[in-house]
Amino acid sequence: MEDDDRVWPPGSEPRHRRTSRDDDADAPWNPTLRRTTEKSSRAEEERLPWESMPPSARFYGAPADPGKARRLRGRRWRRRGAALLAFVVAGGLVAGLATLILRVAEPAPYDGTLTDATAGIGFPLPPGWREEGVPPATGFTSAARLGREALVMARPITGVPADLGRATSEAAELYSRLLLNGDTVTTVEDKTVTVGPLAGHSRSLRADYKDVVNRPAYLRVMLLTRGGRSVLLVGVAQPDETARRRALDAVMASVR
């Protein structure tokens with residue numbers, strides 16, 4: 001059988017036996033792919049041979065278009081500027097959010113009254129003062145604090161001391177050693193007081209320290225009696241400043 005009379009399976013015929021219809025059938029179906037292939041082939045044909053380049057181009061590469069380099073630098077700076085702007089905006093949002101959270105989390109000033117049923121007293125709490133859930137010293141049944149600036153504690157005393165002045169002085173010396181432990185302790189005030197329906201004695205001390213870490217501290221001790229019952233109040237403020245001392249004295253003077 002001659003070559004022209006042979007029966008070939010579809011797609012396996014020799015190229016000279018294929019018709020234009022077969023060529024169309026075998027043509028790639030993606031027109032974009034065909035154009036891309038043609039462009040890349042033309043680019044390879046138009047590219048200069050490697051040997052035709054000067055030695056500097058062979059070593060460093062083909063020279064770049066100055067205009068293209070400027071455009072690339074411009075794009076790079078624009079991207080950096082956009083990134084910097086986004087960073088600044090994000091930082092502002094974070095700072096604003098943090099400020100908002102701090103404002104929301106900050107408790108509102110509490111203007112209430114501390115009541116100590118065990119000691120049989122109570123006193124109002126000015127704005128900024130908070131009642132302590134657990135007094136920081138053993139034996140005391142209630143306490144109120146002004147941040148880290150001042151503290152007032154109360155505890156009941158059995159019976160009524162025969163000498164209120166002496167009992168108050170002894171209590172001030174005891175708590176001066178326990179709470180202040182100063183290098184030098186001086187008496188600021190020692191007097192008889194009347195606080196509402198309660199009468200008693202008050203003694204105030206100031207502790208100074210030789211080191212530069214501890215600042216001067218102020219201690220006030222009051223022993224008050226009413227109807228055969230006694231209560232001991234101890235107040236501490238550090239550092240000893242006029243505003244803190246006045247705030248502490250005002251709370252202790254409002255006991256009822």
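From a predicted model like this one, the values you see are computed outputs, not experimental measurements.
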Nearest heavy-atom neighbours spanning A247 and W129: O-CZ2, 3.9 Å

Any M252 side-chain heavy atom under 4.5 Å of M222 side chain: yes

Under 3.5 Å donor-acceptor, D211 side chain and N214 backbone: yes

Pairing residues for R155 by the side chain to side chain donor-acceptor pair (under 3.5 Å) criterion, not counting sequence neighbours: Y175

Side-chain donor/acceptor of S202 to backbone N/O of V193, under 3.5 Å: no

H201 side, atom NE2; T194 side, atom OG1 - distance, nearest 0.5 Å: 11.5 Å

Minimum-distance pair of heavy atoms, taken over all atoms of V221 and T168: O-CG2, 3.6 Å

Nearest-0.5 Å distance, CD of residue E189 to OH of residue Y218: 6.5 Å

Where Q238 and P216 come nearest, the two heavy atoms and their spacing: CG-O, 3.6 Å

Close side-chain approach of V195 to R256, heavy-atom, < 4.5 Å: yes

R177 CZ to E173 CD distance, which is reported to the nearest 0.5 Å: 5.0 Å

Spatial distance of atom OG (S230) from atom CG (L223) [nearest 0.5 Å]: 5.5 Å

Contacts of type salt bridge (charged side-chain N to carboxylate O under 4.0 Å, His left out), residue R245, not counting sequence neighbours: D240

Shared hydrophobic cluster for F123 and V231 (ILVMFWY, side-chain gaps under 4.5 Å): yes

Atom pair CG (L114) and CG (L125), whose distance is rounded to the nearest 0.5 Å: 5.5 Å

Minimum heavy-atom distance between L151 and P136, given as atom pair plus value: CD2-CG, 3.7 Å

Candidate pair E149 and R244, rule side chain to side chain contact (heavy atoms under 4.5 Å, CB included), full reasoning: CA-CA 7 Å; E149 302 175 3; R244 289 183 174 86; 3.3 Å; yes

Test side chain to side chain donor-acceptor pair (under 3.5 Å) applied to R215 - qualifying residues, sequence neighbours left out: E241

Side chain to side chain donor-acceptor pair (under 3.5 Å) against R229, all qualifying residues, sequence neighbours excluded: none

Enumerate, atom names and distances included, each donor-acceptor pair closer than 3.5 Å involving a side-chain atom of residues 180-188, sequence neighbours excluded.
residue : atom : partner : partner atom : Å
D183    : OD2  : K210    : N            : 2.7
T187    : OG1  : R203    : NH2          : 3.2

Partners passing salt bridge (charged side-chain N to carboxylate O under 4.0 Å, His left out) against R246 (at least two apart in sequence or in another chain): none

For L219 against A172, the heavy-atom pair lying closest together: CD2-O, 3.8 Å

